[in-house]
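Only one structure is covered here, and it is reproduced in the block below.
We use all heavy atoms of the structure for the numbers below, so side chains are in, but hydrogens, waters and symmetry mates are not.
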Amino acid sequence: MFEPFLNWLIDASWAIVIPFLLLLNFIILLSCIVVGNKIVQWFYKRRIASLITSRPSEIYLALLSVFLNTAVTILGYYLWKNDVIVLSTSFGFFDWIDILFLLLIMDFAMYVFHRLAHLKIVYPLIHRTHHRYEDPRPITLFALNPLENLGFGLLWIIVLTIYPASWIGISGYLFLNVVFGLIGHLGVEPFPNSWVKHPILKWISTSTYHAQHHQQEHYNYGFYTIIWDRLFGTLSPRYPSDFGKTEEGFHKHIGK
């Protein structure tokens with residue numbers, strides 16, 4: 001399935017690869033903004049944040065993130081082309097399960113990175129920028145300090161140099177990474193109130209979950225799941241009770 005594309009990619013010149021990867025990352029940004037704003041319209045009555053107009057600084061950081069994400073992608077491409085990153089092209093059952101493995105590995109790694117980013121000595125240097133935007137909206141997904149952006153990207157590269165992933169696993173993970181990131185920054189809650197009561201779904205992160213982190217910085221450090229927050233005692237005690245509240249109800253209790 002992947003081999004024709006991979007053969008083209010490995011033989012392509014840098015003059016083709018770099019614009020291709022830049023365009024790909026720019027399309028991801030635009031897709032998140034367009035799709036995200038459409039979801040916001042659909043679930044506007046379930047908003048959990050003030051849906052204000054994007055600030056110029058957000059737009060600047062979002063565009064900068066496109067170039068930084070492209071730089072990380074180029075690094076990954078170079079390491080793959082030189083056999084530092086080795087990826088399987090098979091198409092079996094365990095290659096699909098690889099998506100789940102990568103999600104769990106990166107979820108834990110990013111949880112640790114996120115908690116470290118909140119240390120007093122580190123926070124002003126890399127993470128305060130993202131928290132200037134207390135009310136999540138689709139574009140705030142990309143409003144990151146350049147150092148933090150590169151930090152997350154390099155974390156992904158390190159995992160790929162250690163873990164023998166498959167192309168299916170990587171493709172599936174990267175798609176879900178964007179999906180989860182967008183969900184966390186919608187500013188509306190698209191999931192039903194029963195979500196946090198379901199025996200399986202309650203472990204998956206939501207818009208409310210990440211919006212609480214923007215309001216209560218010492219809770220909810222996870223990305224794709226709430227497993228690590230529950231395990232390490234950093235889940236907001238108000239997460240289940242505040243889930244599904246509208247903006248007024250959500251902010252009424254957020255500081256308690």
### Message
Please confirm whether the ring centroid of His214 lies under 6.0 Å from the ring centroid of His185.
### Response
yes
### Message
Centre-to-centre under 6.0 Å for His130 and His114, is that the case here?
### Response
no
#### Entry: Any pair counted as side-chain hydrogen bond (donor to acceptor under 3.5 Å, both in side chains), so long as it reaches residues 139-151, sequence neighbours left out
His127-Glu148, Thr129-Asn145
### Task
In sequence, state the C-alpha distance, the side-chain angles, and the governing distance for Phe223 and Phe180, and then conclude on ring pair (Phe, Tyr, Trp, His ring centres under 6.0 Å).
CA-CA 7 Å; Phe223 284 81; Phe180 274 103; over 10 Å; no
### Message
Going by side chain to side chain donor-acceptor pair (under 3.5 Å), name the residues that satisfy it together with Asp107, two or more places apart in sequence or in a different chain.
### Response
Thr225, Trp228
### Message
Would you say the ring centers of Trp195 and Trp203 fall short of 6.0 Å from each other?
### Response
no
### Query
Does any pair with a residue in residues 14-30 pass side-chain hydrogen bond (donor to acceptor under 3.5 Å, both in side chains), and if so which ones, sequence neighbours excluded?
Asn25-Thr70
### Summary
ring pair (Phe, Tyr, Trp, His ring centres under 6.0 Å) filter on Phe232, not counting sequence neighbours, yields Tyr111
### Task
Identify which one of Ile99, Leu103, Asp98 satisfies the side-chain contact (heavy atoms from CB on, under 4.5 Å) criterion when paired with Phe101.
Asp98
### Task
Applying ring pair (Phe, Tyr, Trp, His ring centres under 6.0 Å), name anything that partners Tyr60, two or more places apart in sequence or on another chain.
none
### Message
If the condition is ring pair (Phe, Tyr, Trp, His ring centres under 6.0 Å), which residues does Tyr219 pass it with, not counting sequence neighbours?
### Response
none
### Message
Donor-acceptor check, side chain of Thr161 to backbone of Ile158, threshold 3.5 angstrom: yes or no?
### Response
yes
### Summary
Separation between CG (Asp242) and OG (Ser236), nearest 0.5 Å, reads 6.5 Å
### Message
For Phe191, is there any backbone N or O sitting under 3.5 Å from a side-chain donor or acceptor partner on Arg46?
### Response
yes
### Task
Determine whether the side chains of Tyr239 and Asp229 contain a donor N or O and an acceptor N or O closer than 3.5 Å.
no
### Message
Tell me whether the count of non-hydrogen atoms from other residues, nucleotides or ligands lying under 6.0 Å of OH in Tyr163 goes above 12.
### Response
yes
### Task
Decide, yes or no, whether a salt bridge links Arg47 with Glu189 under the criterion of side-chain N to carboxylate O below 4.0 Å.
no
### Query
Taking atom CD1 of Ile121 as the centre, does the number of heavy atoms from other residues, nucleotides or ligands within less than 6.0 Å exceed 12?
no
### Query
Near Lys197 NZ, under 6.0 Å, is it more than 12 heavy atoms from other residues, nucleotides or ligands?
no
### Message
Strictly distance-based, threshold 3.5 Å: is any side-chain N or O of Tyr77 a donor or acceptor partner for the main-chain N or O of Leu9?
### Response
yes
